[in-house]
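Just so you know, ligand 1 is whichever comes first in the structure, and atom 1 is the first atom listed for that ligand.
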Amino acid sequence: MTDPNTNSSDDKMSKTVSLAKRRGFVFPGSEIYGGQAGVYDYGPHGVELLNNLKKAFWKANVYDKENYFGLDSGMFKHPRVWEASGHTAGFSDPIVECRDTQTRLRVDKELEAVGVTADEKMSVDELQVLFDEHKDEIAQRNNLSGNFTPVRAFNLLVQSNLGDFTGAGTDPVYLPGEACQGIYLNYKNIVDSMSPRLPFGVVQIGKAFRNEISPRNWLFRTREFEQADTQLFIKPNENKEAYEQLKQERLDWYVSLGIKPENLRFKQHENVAFYASDAWDIEYNFPSMGWDELEGVHDRTDYDLKQHMEFSGTDLTYLDPETNERYIPWILETSVGLGRMFAAVLADAYHEEDLGEGNSRTVLKLHPDLAPYRVAVSPLLKNKPQLVEKAREVFTLLKAEFGNVAWDDNGNVGKRYRRQDEIGTPHCVTIDFDTLGEEDPAHKDTVTVRDRDTGEQQRVAVAELVEFLK
Ligand code: GAP
């Protein structure tokens, strides 16, 4: 099947994953030891793209807004936090294990695969009944015998032994199951220190850890990931309009990053998580996987602050300066995994182009603000000192302006262009004999600038280069 967006085929995701490894974007975690399931490492180009995504997120949600504040909270939290949040009791996946092969299956996902939607609020016993009805079909799908353990709830929180120096066992300390809890814990500190009026937002990019039973689909479902969150604190019952606005704003933001609008859509949850009264996903049409959740936009009402107020005994009400009333603000949340965002951006940017006469190229058409390098600089030949010297001058000039500039003198110019295309560098600048004024004095101090997307080349004066690239 051909993907109409890219003219490449169904295996676009595996090609994207392989390019990501080959070109230093993403490596499997602990690879030399045979790997650590559900963990990935971002390489030299990957970390640039990741940081650019974070910068773009921060700009749109903190700098371009009024009354939105940034936060970076500690990962370890008081053990009661996860009780109050509902995670120790309710943050679990229903699983069964095949007794013969020890293969673990997520019951809700398996039921979904055979066309049965399990309500998130179903008890283990109710799921058992459904599972038993479809057991043979599920066993067959997974090439298993059907000799399964009973369904049980598997908690996803990752436990640590922090502070348990004697090994005698203290209250368990957890790694964050969701990054946003740090925002709720600091709500009072932010109100006290910043005196914001409602509605106000708090934005954080933080790590989350989940003991996912079957990490899968590359960066899509991992055990360690980062979440970029905004929590909008609003007046009670003023959620409807603000929620619609927030949803649209978040979808538009992905389009502004260059993601094709036809690969994005909203989907409302039929079953909401324990903390939400309404939940919509922004879905992305991932190659080979199809439509799946990129970001969650949740109407959390007063659930979180109410819970933390009850469990901590601290007053988390807000004194409305206009009405002198005290109430618990409601929360609208947007939360996206950086890994999923990264995978969507990369897959969307991946293009294979037929150049005719048996030639083709692979190019990442990344938004210039996201590309690992803003521009690459090359001397036409690396064994000509005058070319190298001039190229170094241009490189220094551009580096001072843009920061992330590549120096590329490996192989011939054609190979450099192919390499930079695969990294997604928007422009390549080549210093040649014309630049030195050796061929045509009129071209002295001009360079060749090649455009990644069109392949077109034009001569630009060095003095005008920064403006041109901007
Ligand atoms: N604070 C709300 C919350 O955590 P969620 O829907 O469980 O809600 C929000 O997670 C986002 O985090 C998801 O939309 C997804 O982008 C990302 N995410 C969740 N689990 C993930 C996993 N195992 N691997 C990678 N990203 C994940």
What atoms in ligand 1 come closer than 4.0 Å to a heavy atom of [X]?
{"X": "Arg300", "result": "1 (N), 2 (C)"}
{"X": "Gly296", "result": "14 (O)"}
{"X": "Glu295", "result": "14 (O)"}
{"X": "Phe220", "result": "22 (C), 24 (N), 25 (C), 26 (N)"}
{"X": "Glu178", "result": "1 (N), 2 (C), 3 (C), 4 (O)"}

In this structure, are over 12 heavy atoms from other groups packed under 6.0 Å from Gln140 atom CD? no
How does [X] reach ligand 1, by side chain, by backbone, by both or by neither, if only non-hydrogen atoms under 4.0 Å count?
{"X": "Arg221", "result": "both"}
{"X": "Leu294", "result": "backbone"}
{"X": "Ser335", "result": "both"}

Please evaluate residues Tyr68 and Asp64 with respect to the criterion side chain to side chain contact (heavy atoms under 4.5 Å, CB included), reporting the C-alpha separation (whole Å), side-chain torsions for both, the decisive distance (0.1 Å), and the verdict. CA-CA 9 Å; Tyr68 276 64; Asp64 291 353; over 6 Å; no
[atom] [closest protein heavy-atom partner, distance rounded to 0.1 Å]:
{"atom": "atom 10 (O) of ligand 1", "value": "Gln227 NE2, 3.3 Å"}
{"atom": "atom 14 (O) of ligand 1", "value": "Glu293 OE2, 2.6 Å"}
{"atom": "atom 8 (O) of ligand 1", "value": "Tyr275 OH, 3.3 Å"}

When you measure from the centre of the six-membered ring of Trp291, is the NZ or CZ of Arg265 under 6.0 Å away and within 45° of the axis? yes
Are Lys247 and Phe266 in a cation-pi setup, meaning NZ or CZ lies under 6.0 angstrom from the ring centre and within 45 degrees of the ring axis? yes
Selection from Met341, Arg210, Glu333, Glu224 by shortest heavy-atom distance to atom 4 (O) of ligand 1: Arg210
Would you say ligand 1 has an N or O under 3.5 Å from any N or O of [X]?
{"X": "Val336", "result": "no"}
{"X": "Phe225", "result": "no"}
{"X": "Thr222", "result": "yes"}

side-chain hydrogen bond (donor to acceptor under 3.5 Å, both in side chains) filter on Arg152, not counting sequence neighbours, yields none
Any donor-acceptor pair under 3.5 Å from Tyr303 side chain to Ser85 backbone: yes
Do you know which two heavy atoms are closest between Leu257 and Ala56, and how far apart they sit? CD2-CB, 4.0 Å
Compute the centroid of each ring, for Phe27 and then for Tyr40, and state whether the two points are separated by less than 6.0 Å. no
Quick check, are the ring centers of Tyr174 and Phe209 under 6.0 angstrom apart? no
Is the closest heavy-atom distance from Cys180 to ligand 1 below 4.0 Å? yes
Is there a side chain to side chain contact (heavy atoms under 4.5 Å, CB included) between Leu294 and Glu283 once you walk through the steps? CA-CA 5 Å; Leu294 171 62; Glu283 291 195 327; over 6 Å; no
